[in-house]
Amino acid sequence: MQPIRNLERALRSLATPVQYIFSLADLANILPGHDRDSVTMVASRAIKAGILLRPCRGIYLLADTPRNGRELFHIAAKLRAGFFNYISQETALSEAGYISQIPLGRITLMSSGSSAHIACGPFGSIEFTHTKRNIVLLSPRLSYDADCRMLRASVEVALEDLHAARRNLHLVEGEAPR
């Protein structure tokens, strides 16, 4: 039980409203001297004890962390920290009012990493769509969303991404600003 208590104590001292999601590598750094299998076992026991939640493979957060409604975005940023990612397609268009049906519990992101659909249990799901777009050329058309802690596509970029990914356009209402 001692490693679980050590883990919980360390996570509580590290967790802030901004940094509350931890990867398996983060847990390994908190538990020096434990190999990967041992860290995974300690994390599993902490989940069973109700201390941690595991929304998806390799991602953990304290079970009693206050929710802010942006957890999926924060999980996505942690999952793909080494890649160029931005909020786009249906999520960006819905939040800008161009799609009347708000997708609940699902976010769509563009990523320089591979395309994937990640189920995050009670938090919802994340859809990453691969893009080869150049961040330098695209950056003037992106903005930083402080709540999500991610870049966000303009309406025009989100529509371009939707077309490029050959996604269903029937939910899009109105014309995009030019």
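Values below: all heavy atoms of this structure, side chains included; hydrogens, waters and symmetry mates excluded. Bear in mind that the values here come from a model prediction, so they are computed numbers and not experimental data.
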Worksheet item: Taking all atoms of both residues into account, what is the closest heavy-atom pair of L7 and L27, and its distance?
Response: CD1-CD2, 3.7 Å
Discussion item. When you group the ILVMFWY residues by side-chain heavy-atom contacts below 4.5 Å and let the links chain together, are F83 and I59 in the same group?
Written reply: no
Fill in: Heavy-atom pair with the smallest gap, counting every atom of P55 and F123
CB-CD1, 3.6 Å
Worksheet item: Which residues pass the salt bridge (charged side-chain N to carboxylate O under 4.0 Å, His left out) test with R141, sequence neighbours left out?
Response: E160
Worksheet item: Does R67 CZ have over 12 foreign heavy atoms under 6.0 Å away?
Response: yes
Discussion item. If you define the side chain from C-beta out and look only at heavy atoms, does anything of I118 sit under 4.5 Å from L79?
Written reply: yes
Discussion item. Nearest 0.5 Å, please: how far is CG in L109 from CD in Q89?
Written reply: 9.0 Å
Worksheet entry | Verdict with reasoning, R12 to D64, per salt bridge (Lys or Arg N to Asp or Glu O under 4.0 Å) | CA-CA 10 Å; R12 291 200 184 284; D64 57 1; 3.1 Å; yes
Discussion item. My understanding is that only residues two or more places apart in sequence, or in another chain, count here; which of them pass side-chain contact (heavy atoms from CB on, under 4.5 Å) with S125?
Written reply: R106, H117
Discussion item. My understanding is that only residues two or more places apart in sequence, or in another chain, count here; which of them pass side-chain contact (heavy atoms from CB on, under 4.5 Å) with N29?
Written reply: none
Discussion item. Given 3.5 Å as the limit, does a donor-acceptor pair link the side chain of S139 with the main chain of V136, or not?
Written reply: yes
Worksheet item: When clusters are formed by joining ILVMFWY residues with side-chain heavy atoms under 4.5 Å apart, either directly or through shared neighbours, do I21 and I126 land in the same one?
Response: yes
Fill in: Path from Y60 to I4 over hydrophobic side-chain contacts below 4.5 Å
yes
Worksheet item: Is L61 reachable from M150 through a run of I, L, V, M, F, W or Y residues, each pair having side-chain heavy atoms under 4.5 Å apart?
Response: yes
Show me the side-chain donor-acceptor pairs of residues 37-53 shorter than 3.5 Å, one per line, residues at least two apart or across chains.
unit_1: S38; atom_1: OG; unit_2: D35; atom_2: OD1; d: 2.9
unit_1: T40; atom_1: OG1; unit_2: R36; atom_2: O; d: 2.9
unit_1: S44; atom_1: OG; unit_2: T40; atom_2: O; d: 3.1

Discussion item. Is the shortest side-chain heavy-atom distance between R149 and V18 below 4.5 Å?
Written reply: yes
Discussion item. Is there a path of hydrophobic side-chain contacts, each under 4.5 Å between heavy atoms of I/L/V/M/F/W/Y residues, joining V157 to I99?
Written reply: no
Item to complete: Can you run down the side-chain hydrogen bond (donor to acceptor under 3.5 Å, both in side chains) pairs that involve residues 13-25, sequence neighbours left out, and say none if there aren't any?
Response: Y20-H74, S23-D26
Discussion item. Any heavy-atom pair between the side chains of M110 and F128 that's under 4.5 Å?
Written reply: no
Item to complete: Supply the atom-to-atom distance R152 CZ to S88 OG, rounded to the nearest 0.5 angstrom.
Response: 10.0 Å
Worksheet item: How close do S112 and N85 get, heavy atom to heavy atom, and via which atoms?
Response: N-OD1, 4.5 Å
Response to the item:
Residue set satisfying side-chain contact (heavy atoms from CB on, under 4.5 Å) with S114, at least two apart, ordered chain then number -> R80
Worksheet entry | Separation of T108 OG1 from Y86 OH (nearest 0.5 Å) | 10.5 Å
Discussion item. Let me confirm one number: the CZ-CG distance from F84 to L138, rounded to the nearest 0.5 Å.
Written reply: 5.0 Å
